[in-house]
Amino acid sequence: MNDSSATNPTENATMPAKQFGRLVLLRHGQTVWSESGQYTGRTDIPLTDEGERQAVRAGERLREAFPNGFLPGDIFTSTMGRAQSTAELAGFPEHETTENIVEWDYGRAEGRTRQQLAAMTGFPWDVWRDGSRAIDPRYEGRRIETLPDGQQIVVVNGPGETLDEVARRARAAIDAAMPALEAGRDVLFVAHAHILRILTTQWLDEPASFARKLRLDTAHYSVLGVYKGDHVIERWNC
């Protein structure tokens, strides 16, 4: 008997695959430490005036690239003020905060430049190779630093995180975004250079140290997606 209500296998074969959402990564705008080269992890340092302007322009680029926008429940920021300010200035005032995309805790390197750390350690210290715990523990403690505008901030130098610990947080952030992505929705993360670069390596199933090869400038965005079943970079440093 010919059942007209039966499923046509030819129709099934030609049905388009369900579209996977895209994971959009936006680095916060400029700070005085991003300009000076001081490692900025858990110090809650504000955006500069230029950083605020950068955030506004980043929002304009994102709205052009993603005209359908993002649902408020699919926008996540670091708990740091510079990331939240960037999201708000970019036009995304409704967002969730998560510790999973807070910047790498640089520990004993926090607030110091590579040149200062090389002088302190006596060797060409490298965050990717050596990490905070290769720095003498006597450099731990709390100190006050004065920014160029006269604002005083507290800098905490502790043991810090290892690269593997940061990568685990990044994987947790990806896992939290997966239900929305699998449902075909785009997700926006507004955070920091190193955590977003490390998160990208975890998306690609690459070693976390590969992140050193991925440049991400202030208030620039990147897009991660799925192509023919593989996790890929769709756009970078836009």
Side-chain angles (χ1 to χ4, degrees), residues 25-59 76-90 92-93 95-121 125-128 130-163 165-166 169-170 173 189-199 211 215-220:
L25 313 177
L26 174 62
R27 183 185 174 188
H28 65 75
Q30 180 195 87
T31 69
V32 292
W33 281 8
S34 69
E35 288 300 282
S36 64
Q38 291 166 266
Y39 283 96
T40 319
R42 304 305 174 86
T43 307
D44 211 357
I45 189 169
L47 300 178
T48 61
D49 291 344
E50 173 58 20
E52 293 180 350
R53 290 189 288 269
Q54 288 178 346
V56 172
R57 294 195 295 267
F76 299 89
T77 74
S78 157
T79 59
M80 295 289 100
R82 58 192 182 275
Q84 295 187 59
S85 294
T86 297
E88 290 156 11
L89 289 164
F92 306 105
H95 52 80
E96 305 287 336
T97 61
T98 172
E99 293 282 351
N100 286 331
I101 55 173
V102 174
E103 184 59 295
W104 192 344
D105 182 349
Y106 299 117
R108 299 161 194 161
E110 181 76 10
R112 293 170 170 136
T113 65
R114 290 185 68 178
Q115 294 76 13
Q116 289 172 326
L117 291 160
M120 288 162 54
T121 59
W125 179 86
D126 181 273
V127 67
W128 302 104
D130 305 310
S132 171
R133 295 173 194 178
I135 303 168
D136 195 312
R138 66 193 172 96
Y139 292 111
E140 289 187 13
R142 295 168 64 90
R143 56 197 173 87
I144 302 294
E145 179 152 335
T146 303
L147 299 180
D149 65 0
Q151 179 182 353
Q152 291 191 321
I153 54 172
V154 178
V155 182
V156 179
N157 296 110
E161 288 181 293
T162 67
L163 181 55
E165 288 170 338
V166 184
R169 285 198 290 110
F189 284 172
V190 185
H192 316 268
H194 278 168
I195 183 63
L196 293 178
R197 291 159 65 188
I198 293 166
L199 185 148
R215 172 174 170 166
L216 183 57
D217 295 326
T218 52
H220 280 57

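Values in this document were obtained by computation on a predicted structure and should not be read as measured data.
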Qualifying residues under side chain to side chain donor-acceptor pair (under 3.5 Å), relative to S132, sequence neighbours excluded: none
By side chain to side chain contact (heavy atoms under 4.5 Å, CB included) - contacts of A219 (at least two apart): Q54, A58
Contact list for residues 39-59, test ring-ring contact (aromatic ring centres under 6.0 Å, His included), sequence neighbours left out: Y39-Y106, Y39-W125
Under the side chain to side chain contact (heavy atoms under 4.5 Å, CB included) test, residues paired with A173 that sit two or more places apart: N100, I101, F189, L199
Worked check of side chain to side chain contact (heavy atoms under 4.5 Å, CB included) between E103 and V166: CA-CA 8 Å; E103 184 59 295; V166 184; 5.9 Å; no
Under 3.5 Å side-chain donor-acceptor pair for T97 and Q84: no
Minimum-distance pair of heavy atoms, taken over all atoms of Q116 and G111: OE1-O, 4.3 Å
Rounded distance [0.5 Å steps], CG in L89 versus CG in L47: 7.0 Å
Partner residues of D149 under the side chain to side chain donor-acceptor pair (under 3.5 Å) criterion, sequence neighbours left out: none
CE on M80 to NE2 on H192, rounded to 0.5 Å: 6.5 Å
Euclidean distance, T43 OG1 relative to E110 CD, rounded to 0.5 Å: 3.5 Å
Please output the side-chain donor-acceptor pairs of residues 25-33 that fall under 3.5 Å, not counting sequence neighbours, one pair per line with the distance.
residue: R27; atom: NH1; partner: L216; partner atom: O; Å: 2.8
residue: H28; atom: NE2; partner: R82; partner atom: NE; Å: 3.4
residue: Q30; atom: OE1; partner: T48; partner atom: OG1; Å: 2.6
residue: Q30; atom: NE2; partner: E35; partner atom: OE2; Å: 3.4
residue: T31; atom: OG1; partner: W33; partner atom: N; Å: 3.3
residue: T31; atom: OG1; partner: S34; partner atom: N; Å: 3.0
residue: W33; atom: NE1; partner: Q38; partner atom: OE1; Å: 3.2

Minimum side-chain heavy-atom gap I195-V102 below 4.5 Å: no
Min side-chain heavy-atom separation R143-N157 under 4.5 Å: yes
Closest non-hydrogen atom pair between V190 and A83, with its separation: CG1-O, 3.4 Å
Residues forming a side chain to side chain donor-acceptor pair (under 3.5 Å) with R42, sequence neighbours excluded: E161
Reported OG1-to-CZ distance for the pair T162 and R133, which is rounded to 0.5 angstrom: 5.5 Å
Any pair counted as salt bridge (Lys or Arg N to Asp or Glu O under 4.0 Å), so long as it reaches residues 48-59, sequence neighbours left out: E50-R53, E50-R57
Heavy-atom check, side chain of E99 versus side chain of R169, under 4.5 Å: no
Close side-chain approach of I144 to I153, heavy-atom, < 4.5 Å: no
Set of salt bridge (charged side-chain N to carboxylate O under 4.0 Å, His left out) partners for R142, sequence neighbours left out: none
ring-ring contact (aromatic ring centres under 6.0 Å, His included) contacts touching residues 130-163 (sequence neighbours left out): none
Those residues that, when tested against D217, pass side chain to side chain contact (heavy atoms under 4.5 Å, CB included) (two or more places apart): R215, H220, N237
With sequence neighbours excluded, residues passing side chain to side chain contact (heavy atoms under 4.5 Å, CB included) with E96: F76
